[in-house]
Amino acid sequence: MTGERHFWLFKTEPSCFSFADLQARPDGTEHWDGVRNFQARNYLRDEIGVGDGVLVYHSNIPEPAVVGVAVVVKAGYPDFTARNPRNVHFDLKSTVDRPIWYMVDIRAERPFYRPVSLAELKGHPGLAGMVLLQRSRLSVQPVTPEQWSIIFRLGSGAE
DNA sequence: GCCAACGTTGGC
DNA sequence: GCCAACGTTGGC
């Protein structure tokens, strides 16, 4: 078995790829490709493990929000879109021998009963330390177990 | 659409 | 290796 379970928040623009799109994939599973930021890459390559929990966050919309939960089903491996010249995320510097960019596979577990908006996250005293609220641009970011349980409860309609 | 934040690039 | 210029992100 692997080590303890960790928690993450993945951002996506729903006009590009939404939680519903993830659910619509076979078995609700898709690779999380296209991340082109080194810090996020390091998490994908080195730290995110099978079984870890993922909060899926919709950005760049009128009311940005966490909209659902997913689980990691495959740990970091080279992002093949970096090697496709016709892909928008193509990167000439990434090779088979020396891949630069990585991705993981996630599977949709369930949509939230209600979206938990950015405004709500900002307003919750227990969430002041969230990376999202301090380095909003980081597209793959760690979430503490405490933050996870607060957001999970909010999204489950328990509060 | 604006613009602040911030990551990346490239000249030196 | 510094840092200015530039490009992108993403809330508003």
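Throughout, protein chains are lettered first and strands after them, A, B, ... in sequence-line order, and every chain is numbered starting at 1. Below, all heavy atoms of this structure are taken into account, side chains as well, without hydrogens, waters or symmetry copies.
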End-to-end bend of the helix from B/dG1-C/dC12 to B/dC12-C/dG1 (five-pair axes, 10° rounding)? 10°

Exercise: identify the closest heavy-atom pair between A/Ser139 and A/Val35: OG-CG1, 4.0 Å

Looking at A/Asp52 and A/His6, would you say the former's side chain and the latter's main chain have a donor-acceptor pair under 3.5 Å?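 Checked: pair present.
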
Could you check which residues of residues 52-60 of chain A get a heavy atom under 4.0 Å from DNA chain C? Sort them by number, please.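 The answer is A/Tyr57, A/Ser59, A/Asn60.
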
Does C/dG11 have OP1 or OP2 sitting under 4.0 Å from an N or O in the side chain of A/Lys11? no

Surrounding CD of A/Glu63 (heavy atoms of other residues, nucleotides or ligands, distance under 6.0 Å), is the total greater than 12? no

Are more than 12 heavy atoms, taken from residues, nucleotides or ligands other than A/Arg135, located less than 6.0 Å from that residue's CZ atom?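 For A/Arg135, atom CZ is not crowded (no more than 12 foreign heavy atoms under 6.0 Å).
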
With a 4.5 Å cut-off on side-chain heavy atoms, are A/Ile151 and A/Met130 touching?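 The answer is yes; the side chains approach within 4.5 Å.
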
I want to check something: taking the side chain as every heavy atom from C-beta on, are A/Phe10 and A/Val140 in contact at a cut-off of under 4.5 Å?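 The answer is yes, as the side chains (C-beta and beyond) meet within the 4.5 Å cut-off.
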
Return a single string for nucleotides 2-10 of chain B, one symbol per nucleotide in 5' to 3' order, where B is base contact, S is sugar-phosphate-only contact and - is none, cutoff 4.0 angstrom on heavy atoms. ---BBSS--

As a quick check of understanding, evaluate side-chain contact (heavy atoms from CB on, under 4.5 Å) for A/Val131 and A/Leu9, giving each step before the final call. CA-CA 9 Å; A/Val131 176; A/Leu9 182 146; over 6 Å; no

Decide whether A/Tyr102 and A/Asp46 meet the rule of one side-chain donor and one side-chain acceptor closer than 3.5 Å. no

Taking atom types as modelled, find out whether A/Thr81 and A/Arg36 have a side-chain donor-acceptor pair closer than 3.5 angstrom.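 Looking only at side-chain atoms, A/Arg36 and A/Thr81 do form a donor-acceptor pair, the distance falling under 3.5 Å.
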
May I ask you to decide if the ring planes of A/Phe38 and A/Trp101 are parallel, tilted or perpendicular, using 30° and 60° as cut-offs?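 Ring orientation of A/Phe38 relative to A/Trp101: tilted.
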
